[in-house]
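I have placed the structure first, in the form of structure tokens, so that the comments after it can refer back to it.
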Amino acid sequence: RKEVEQDPGPFNVPEGATVAFNCTYSNSASQSFFWYRQDCRKEPKLLMSVYSSGNEDGRFTAQLNRASQYISLLIRDSKLSDSATYLCVVSPFTGRRALTFGSGTRLQVQP
Amino acid sequence: GAGVSQSPSNKVTEKGKDVELRCDPISGHTALYWYRQSLGQGLEFLIYFQGNSAPDKSGLPSDRFSAERTGGSVSTLTIQRTQQEDSAVYLCASSLQAGDEQFFGPGTRLTVL
């Protein structure tokens with residue numbers, strides 16, 4: 001089983017739609033969680049960290065469910081510029097190793 | 001401030017040649033990571049440095065791959081006797097401490113003919 005699993009998509013949605021991605025992780029000791037965004041042929045960039053209480057940044061909301069070991073990302077009022085691959089990222093525990101990246105979920109927002 | 005830089009941005013080499021890829025992390029970042037990404041694929045972890053030591057080399061695909069980091073700063077990834085399957089984008093990232101947000105460089109696109 002992969003450490004971090006995501007639906008690869010693609011998710012094709014119209015502008016203005018709300019779209020949600022889920023991600024599951026296998027290591028219950030994981031401590032840090034992030035969503036990264038990667039545009040085509042570009043490097044990944046941090047979108048937002050994910051906190052236990054959930055957090056929101058504009059149109060983006062991230063949730064963490066430790067009991068079920070999944071993380072979600074909700075995008076409201078999708079824009080064309082949101083088209084990208086969204087990477088779910090988990091850290092086993094602070095002070096150890098690299099973050100573990102999921103393979104990503106591709107989002108295509110259509111006019 | 002300066003971000004993570006990598007050089008060269010593109011490298012074309014012939015099968016069997018050795019290549020060296022360089023990464024300059026953000027100043028003060030103690031952790032440095034190498035990944036590779038084949039076209040349309042996810043990130044594949046290669047190696048992680050904390051300071052100059054590499055506590056996790058588990059991702060290196062074969063003994064043709066090696067990496068070092070000196071002065072707690074610059075890192076070099078070396079691929080010996082390159083094969084066509086080594087063709088990919090090699091990404092370097094750094095973070096203040098392990099487990100923190102990682103900042104990525106623009107990558108080196110390696111093509112092995």
Side-chain angles (χ1 to χ4, degrees), chain A residues 1-10 21 23-27 29-51 55 57 62 64 71 83-108, chain B residues 3-6 9-10 21 23-26 29-51 53-60 67 69 75 77 88-111:
Chain A
R1 183 187 172 188
K2 287 184 181 177
E3 289 186 60
V4 179
E5 296 209 53
Q6 296 182 250
D7 181 343
F21 310 135
C23 159
T24 57
Y25 60 95
S26 61
N27 189 337
S30 298
Q31 293 292 327
S32 303
F33 308 89
F34 308 89
W35 282 101
Y36 276 68
R37 169 191 170 132
Q38 186 173 26
D39 292 291
C40 189
R41 300 176 78 88
K42 297 283 190 183
E43 71 273 21
K45 292 185 178 177
L46 179 70
L47 177 66
M48 59 196 304
S49 301
V50 186
Y51 303 120
N55 48 300
D57 182 1
L64 168 64
I71 307 152
S83 298
T85 296
Y86 291 83
L87 305 171
C88 173
V89 185
V90 173
S91 175
F93 52 88
T94 303
R96 198 204 160 218
R97 207 234 199 194
L99 303 177
T100 302
F101 284 75
S103 298
T105 298
R106 194 155 67 86
L107 171 66
Q108 185 66 48
Chain B
V4 178
S5 60
Q6 292 186 245
S9 55
N10 279 285
L21 312 179
C23 172
D24 281 89
I26 292 172
H29 280 196
T30 64
L32 184 148
Y33 316 83
W34 283 99
Y35 299 87
R36 74 176 175 182
Q37 189 172 33
S38 300
L39 190 63
Q41 302 298 310
L43 290 172
E44 178 187 359
F45 168 75
L46 298 178
I47 187 169
Y48 145 61
F49 287 93
Q50 181 62 49
S53 53
D56 191 344
K57 304 179 184 180
S58 61
L60 294 177
R69 188 179 184 195
S75 176
L77 176 70
V89 176
Y90 288 80
L91 289 159
C92 174
S94 71
S95 63
L96 198 57
Q97 298 287 343
D100 289 346
E101 172 191 356
Q102 293 183 9
F103 295 83
F104 282 82
T108 294
R109 185 173 300 278
L110 175 66
T111 303

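Naming: A, B, ... by sequence-line order, numbering from 1 per chain. None of the values given here were measured: they were computed from a predicted structure.
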Side chain to side chain, F101(A) and Q102(B), heavy atoms closer than 4.5 Å: yes
Side chain / backbone / both / neither for Q6(A) at chain B, heavy atoms under 4.5 Å: neither
Nearest-0.5 Å distance, NZ of residue K42(A) to CG of residue L91(B): 12.5 Å
Interatomic distance, S32(A) atom OG to D100(B) atom CG [nearest 0.5 angstrom]: 7.5 Å
R106(A) atom CZ, over 12 foreign heavy atoms within 6.0 Å: no
Check: Y35(B) ring centre within less than 6.0 Å of Y36(A) ring centre: no
Side chain, backbone, both or neither of E101(B) within contact of chain A (heavy atoms, under 4.5 Å): both
Options C40(A), P8(A), P44(A), ranked by heavy-atom pairs under 4.5 Å with chain B, top entry: P44(A)
Segment of E44(B) engaging chain A (4.5 angstrom heavy-atom cut-off): neither
